[in-house]
Amino acid sequence: MRLVLKTFFLLISLQLLGQTDTTNVSFVAYWSIGDSYDFKISKVKKQWKEGKLVKDENQSYIANFTVIDSTENSYTINWSYENDFKNTYNIPDQLLDKLSKYRLTEIQYKTSEVGDFIEILNWKEVSEIMNKMFVDIINVKSLDDPKSKDNLEKAMEPFKQIYSSKEGIEQLVMKEIHYFHFPMGLEFDTTETLTYEDQIPNMFGGDPIKANAKMYFEEIDFEENFCIIKHTMELDPDDTLNMLNQVFKSMNLKDGEFEKAFETAVFKINDSNTFEYYFYPGIPHKIETLRETELTINGEKGKRSDKITIELLYQD
């Protein structure tokens with residue numbers, strides 16, 4: 001995403017004064033060591049099969065953004081949040097104390113001088129702590145039913161895999177951080193709608209999937225240094241078919257079944273995101289992201305929606 005956008009936008013220089021242009025908006029990090037903001041993070045996951053709602057999960061927590069270092073070329077950020085073991089992992093109240101040492105997760109990462117996300121710094125530490133936590137979660141959940149331990153280990157394996165690499169933590173675990181920094185380091189023309197080709201990771205491996213994206217300003221207030229940006233994206237049809245090809249091969253369908261399924265298969269992913277931002281000093285007021293996925297194979301229809309909301313908590 002970042003490389004693609006930079007072919008359309010000019011990187012801006014650091015300025016000592018606020019926004020003065022009335023046609024362009026520059027997203028620059030005007031942060032100082034010690035700057036700290038709290039955000040409420042809400043996540044809603046829903047899943048349907050044949051039109052019937054089969055999953056409806058809600059989770060919310062408070063995350064803290066604090067600038068812990070600043071140089072001419074970079075910022076170092078500490079992003080911390082409390083783990084919700086009860087709702088995320090279905091841990092009974094009476095067993096929560098056994099996981100208290102994992103209550104707080106702290107992620108330290110680096111940005112450029114304009115606030116563009118670069119990399120997570122303590123990923124090895126996070127990986128080690130989280131994998132120990134998963135082992136303890138399995139032990140705690142299997143106290144009443146030791147025979148369930150094998151099934152719990154299998155269920156936790158995907159999480160362990162995600163946390164085992166820097167890329168996994170950055171791409172999947174830190175979604176809200178990437179949304180937080182989405183516009184930073186870029187300059188936007190407020191009078192035009194930008195259309196461009198994006199790329200998203202292929203969940204089945206192989207080349208990334210091209211997507212058609214669009215961005216435009218819904219609202220701009222230069223007196224308050226505030227704006228609202230709309231961002232939408234849908235997968236490229238040709239790349240979608242190529243990915244479906246991989247899916248069918250992994251299912252080991254026979255030739256006849258393969259051709260029949262391929263003719264009628266439908267796979268769609270659409271994003272609809274809203275960014276409400278104070279472009280000075282470079283802090284979001286509210287971010288709402290929605291990803292809707294539709295999958296139809298052999299006549300079986302499924303749908304999923306993932307919504308993330310990031311809201312700045314104002315001090316009284």
Side-chain angles (χ1 to χ4, degrees), residues 41-50 52-64 79-109 120-178 201-206 246-253 291 293 295 297-298 300 302-308:
I41 313 294
S42 303
K43 298 182 179 181
V44 179
K45 296 181 180 180
K46 294 184 178 182
Q47 190 170 331
W48 296 261
K49 286 186 178 180
E50 298 297 334
K52 182 180 180 180
L53 184 65
V54 296
K55 178 185 288 187
D56 188 357
E57 297 179 350
N58 294 270
Q59 179 187 11
S60 64
Y61 55 91
I62 306 300
N64 175 262
W79 179 270
S80 60
Y81 58 90
E82 290 192 9
N83 290 298
D84 185 1
F85 294 108
K86 181 176 181 179
N87 293 318
T88 304
Y89 304 105
N90 297 315
I91 304 297
D93 290 337
Q94 64 270 25
L95 299 177
L96 290 177
D97 287 344
K98 296 182 180 296
L99 299 171
S100 59
K101 61 182 176 181
Y102 304 113
R103 182 181 62 85
L104 188 68
T105 293
E106 293 186 289
I107 295 176
Q108 294 179 8
Y109 64 94
I120 183 173
L121 299 176
N122 66 331
W123 76 268
K124 290 184 178 180
E125 178 184 346
V126 171
S127 176
E128 182 178 348
I129 292 174
M130 295 302 291
N131 277 286
K132 288 181 179 178
M133 185 188 79
F134 292 140
V135 171
D136 285 350
I137 288 176
I138 292 170
N139 291 334
V140 167
K141 287 179 68 68
S142 61
L143 284 175
D144 295 331
D145 184 11
K147 294 181 179 180
S148 67
K149 189 170 184 178
D150 288 344
N151 290 333
L152 289 170
E153 288 178 344
K154 292 178 181 178
M156 283 293 180
E157 187 59 31
F159 295 99
K160 295 173 70 174
Q161 289 296 322
I162 290 172
Y163 278 98
S164 66
S165 70
K166 179 180 179 181
E167 292 75 18
I169 295 173
E170 288 184 346
Q171 295 300 320
L172 298 178
V173 180
M174 299 172 58
K175 282 185 178 179
E176 49 265 48
I177 294 178
H178 285 288
N202 185 335
M203 68 184 73
F204 299 101
Q246 291 178 272
V247 176
F248 294 142
K249 287 183 178 179
S250 68
M251 295 169 64
N252 295 317
L253 293 178
R291 169 161 289 182
T293 304
L295 176 60
I297 298 180
N298 284 336
E300 183 175 339
K303 180 180 177 181
R304 172 172 172 163
S305 71
D306 295 88
K307 183 177 181 180
I308 298 176

From CD1 (I129) to CD (E106), nearest 0.5 Å:
8.5 Å

Pair Y163-W123, side chain to side chain contact (heavy atoms under 4.5 Å, CB included): steps then yes or no:
CA-CA 8 Å; Y163 278 98; W123 76 268; over 6 Å; no

Contact list for residues 149-178, test salt bridge (Lys or Arg N to Asp or Glu O under 4.0 Å), sequence neighbours left out
K43-E176, E119-K166

Derivation and outcome, salt bridge (charged side-chain N to carboxylate O under 4.0 Å, His left out), residues K132 and E128
CA-CA 6 Å; K132 288 181 179 178; E128 182 178 348; 3.3 Å; yes

side-chain contact (heavy atoms from CB on, under 4.5 Å) with K45: which residues, sequence neighbours excluded?
E57, R304, D306

Residues in side chain to side chain donor-acceptor pair (under 3.5 Å) contact with D136, at least two apart in sequence or another chain
Y102

Under 3.5 Å donor-acceptor, N139 side chain and F134 backbone:
no

Mind checking whether I62 and I41 have side chains closer than 4.5 Å, heavy atoms only?
no

Separation of Q108 CD from N122 CG (nearest 0.5 Å):
5.0 Å

From I177 atom CD1 to I120 atom CD1, the distance as rounded to the nearest 0.5 Å
7.0 Å

For the pair K46 and L53, evaluate side chain to side chain contact (heavy atoms under 4.5 Å, CB included) and give the outcome as yes or no after the intermediate values.
CA-CA 7 Å; K46 294 184 178 182; L53 184 65; 4.0 Å; yes

Output, in order, the C-alpha distance, side-chain angles, deciding distance and verdict of side chain to side chain contact (heavy atoms under 4.5 Å, CB included) for Y61 and S42.
CA-CA 7 Å; Y61 55 91; S42 303; over 6 Å; no

Who passes side-chain contact (heavy atoms from CB on, under 4.5 Å) against E300, sequence neighbours left out?
E50

Carefully, step by step, assess T105 and M130 under the rule side chain to side chain contact (heavy atoms under 4.5 Å, CB included).
CA-CA 9 Å; T105 293; M130 295 302 291; 4.2 Å; yes

Least distance between heavy atoms, S80 atom then L104 atom:
CB-CD1, 4.2 Å

With Y81, which residues qualify under side chain to side chain donor-acceptor pair (under 3.5 Å), at least two apart?
none

Which atoms form the tightest heavy-atom contact between S164 and S127, and what is the distance?
CA-OG, 3.8 Å

Using the side-chain contact (heavy atoms from CB on, under 4.5 Å) criterion, which residues pair with V54? Sequence neighbours excluded.
Q47, K49

Rounded distance [0.5 Å steps], CD1 in I107 versus CD in E125
10.5 Å

Locate the shortest heavy-atom distance separating I138 from L152; write the atom from each residue and the value.
O-CD1, 3.8 Å

Student check: side-chain heavy atoms of M174 and I169 closer than 4.5 Å:
yes

